[in-house]
Amino acid sequence: MSDGFVPPTFPQDRLGELRAVAAAVPGGSIDTSVGTPVDPVPEVALEALRAAAPGSAGYPPSIGTPALREAASGWMERRFGVRVPPEAVAACVGTKEAVASIPRLLSLRDPSRDTVLYPAVSYPTYEMGAVLAGLRAVPVPVDSRWRLDVTQVSADDADRALVVWLNEPANPTGASTPAGQLAALVDWAHAHGAIVASDECYAEFTYDASGAPAPPVTALAGGSERVLAVHSLSKRSNLAGLRVGFAAGDPELVGYLAEVRRHAGMIVPTPVQAAATAVLDDDVHVDEQRERYRRRRAAALAALEGFGLVHDGGTSTFYLWLRDADDASDGWAVGSRLAEHGLVVAPGELYGPAGIDHVRLSLTVTDDELTLALGRLASAPV
Ligand SMILES: Cc1ncc(COP(=O)(O)O)c(C=O)c1O
């Protein structure tokens, strides 16, 4: 490949050495570095896929079938108590592509703004969406609880912002923002003329400090004008392999994005739209999954503390955000120490320089794998 065609390095591709060390441990490695679900695909999804497959001869609507948009609207009303009409919902092919492309599509509409703001410790695709759009990527500092601290954004960056990304609750820290504070962030972005894009893909895995389910919050709570909420079925319903999500909110914005995406041929396959509709109408499988992650979180926290790590992230999502209890090592060194016991985690620097002292552990491993990993740590000298 010539020098002109070197792509950016994919974050998890930096883990080669940690993975090799962990793989050499007798019994093999347990890799928690990627948040890829491992639990069962819900039966309702499988039934819907089977039933819809014969009807796949023609093109499905890019914006989503009426049934899917209705189901998404119904779910948002049920879970968040917000009324988003089906007309203000549009499907996407998993939310990563939406996150990566929204800044570009919005910049076509408003070339006067050249900046994307996103949390300084966050999912790397917010930054990549700015890069792909040729826009300035400006991280917003986070406070000691990993919540956005917009007081530290310069007036120039704020006034040039095309879009402000929120992630509620947040990857990789598990932090959640109280509803009032979230509303204040939306107001702040609007006061500077920016559009709010709120990635809420972990909303179903919101817990309080005791591990009890807590009501999720949405950036749409105060109204939909200039707000987009982005939702994924990958995590909620273990459907990452089917690639489906949706954006909902400001009808004008959603309509614009849907129409441009239609030109680009961004379409969720027919059986996948049917499966997404079915899972959005069902909460039982989500309750089961929420409980699985709660159990794994409790078990992992106890063992990791015994290994000399502290969790100082929030109580939500299925990620643990850990650092060395003595603050003696950074996230890469903690990662190396865990790899020697067969456990692969993601060093926090993958989520921005401000994450350097931490590692992220994803609870997307089976119960058996987690038991094996934690057992190894328990028998390791601290
Ligand atoms: C914060 C966040 N947003 C979006 C995504 C993308 O999920 P998907 O493309 O599977 O919908 C992920 C995946 O890990 C994520 O962590």
Side-chain angles (χ1 to χ4, degrees), residues 10-12 15 31-39 41 45 64 68 72 75 89-103 116 118-130 132 139-140 142 146-148 163-177 196-206 216-219 228-248 261 266 268-269 272-273 275-276 279-280 286 289 293 313-314 316-321 345-346 348 350-352 355 360-365:
F10 198 79
Q12 267 85 2
L15 304 186
D31 194 335
T32 69
S33 66
V34 183
T36 184
V38 295
D39 296 305
V41 170
L68 171 55
W75 172 72
V89 172
C92 56
V93 192
T95 58
K96 190 177 181 80
E97 64 85 1
V99 170
S101 60
I102 281 172
V116 175
Y118 57 95
V121 177
S122 63
Y123 182 55
T125 312
Y126 306 129
E127 179 185 6
M128 188 49 63
L132 294 174
V140 176
V142 288
W146 312 104
R147 294 170 182 159
L148 288 193
V163 54
V164 178
W165 277 105
L166 307 178
N167 180 206
E168 183 52 45
N171 173 14
T173 61
S176 42
T177 314
V196 173
S198 181
D199 180 350
E200 300 172 359
C201 69
Y202 297 100
E204 292 279 20
F205 305 115
T206 305
V217 297
T218 175
L228 275 178
V230 178
H231 283 283
S232 174
L233 277 308
S234 298
K235 320 286 181 174
R236 176 186 184 271
S237 300
N238 298 333
L239 294 185
L242 292 191
R243 312 307 304 134
V244 58
F246 63 88
R261 292 168 54 80
M266 305 303 291
V268 178
V272 178
Q273 297 209 30
V279 294
L280 282 165
V286 187
Q289 191 60 47
Y293 287 137
S316 292
T317 72
F318 47 70
Y319 299 119
L320 301 181
W321 186 237
V345 295
L350 301 192
Y351 308 94
R360 188 196 77 171
L361 183 151
S362 174
L363 297 166
T364 49
V365 287

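From a predicted model like this one, the values you see are computed outputs, not experimental measurements. Atoms within a ligand are numbered from 1 in the order they appear, just like the ligands themselves.
Between Tyr126 and ligand 1, no N or O atom pair is found at a separation short of 3.5 Å. Any N or O atom pair closer than 3.5 Å counts here, and Asn167 shares no such pair with ligand 1. Inclusion of Glu97 in the set of residues having an N or O under 3.5 Å from an N or O of ligand 1 is not warranted. Polar contact with ligand 1: absent for Tyr123 (N/O pair, distance under 3.5 Å). Backbone and side-chain nitrogen or oxygen atoms of Lys235 are examined, and one is located within less than 3.5 angstrom of a nitrogen or oxygen of ligand 1.
What sits closest to atom 1 (C) of ligand 1 on the protein, heavy atoms only, is Asp199 OD2, 3.3 Å. Atom 7 (O) of ligand 1 has as its closest protein heavy atom Thr95 OG1, 3.3 Å. Of the protein's heavy atoms, Tyr202 OH, 2.6 Å lies nearest to atom 16 (O) of ligand 1.
Within the listing of ligand 1, atoms 1 (C), 2 (C), 3 (N), 4 (C), 15 (C) sit less than 4.0 angstrom from a heavy atom of Cys201. In summary, the atoms of ligand 1 found under 4.0 Å from a heavy atom of Arg243, numbered by their order in the structure, are 8 (P), 9 (O), 10 (O).
Remark: the backbone N or O of Thr364 is not paired with any side-chain donor or acceptor of Thr36 at under 3.5 angstrom.
Within the 4.0 Å heavy-atom cutoff, Val99 does not count among the residues contacting ligand 1. Residue-ligand proximity: Gly35 is placed with every non-hydrogen atom at 4.0 Å or more from ligand 1.
Contact check for Tyr126 versus Val99: side-chain heavy atoms found under the 4.5 Å cut-off. Residues Pro172 and Val121 meet the side-chain proximity criterion, which asks for heavy atoms closer than 4.5 Å.
Atoms CG and OH, on Asn167 and Tyr123 in that order, are 9.5 Å from each other to the nearest 0.5 Å. With rounding to the nearest 0.5 Å, the separation of CG in Asn171 from NZ in Lys235 is 7.0 Å. To the nearest 0.5 Å, atoms CG (Leu228) and CD1 (Ile102) are separated by 5.5 Å.
Below 30°, between 30° and 60°, or above 60°: for His231 and Trp75 the angle between ring planes is above 60°, a perpendicular geometry.
When non-hydrogen atoms are compared, ligand 1 lies under 4.0 Å from the side chain of Asn171 (C-beta onward) but not from its backbone. Only the side chain of Ser234 comes within 4.0 Å of ligand 1, judged by heavy-atom distances.
When ring centroids are compared, Phe205 and Tyr202 stay outside the 6.0 Å threshold.
Checked by atom type, the side-chain pair Glu200/Thr218 shows a donor-acceptor distance below 3.5 Å.
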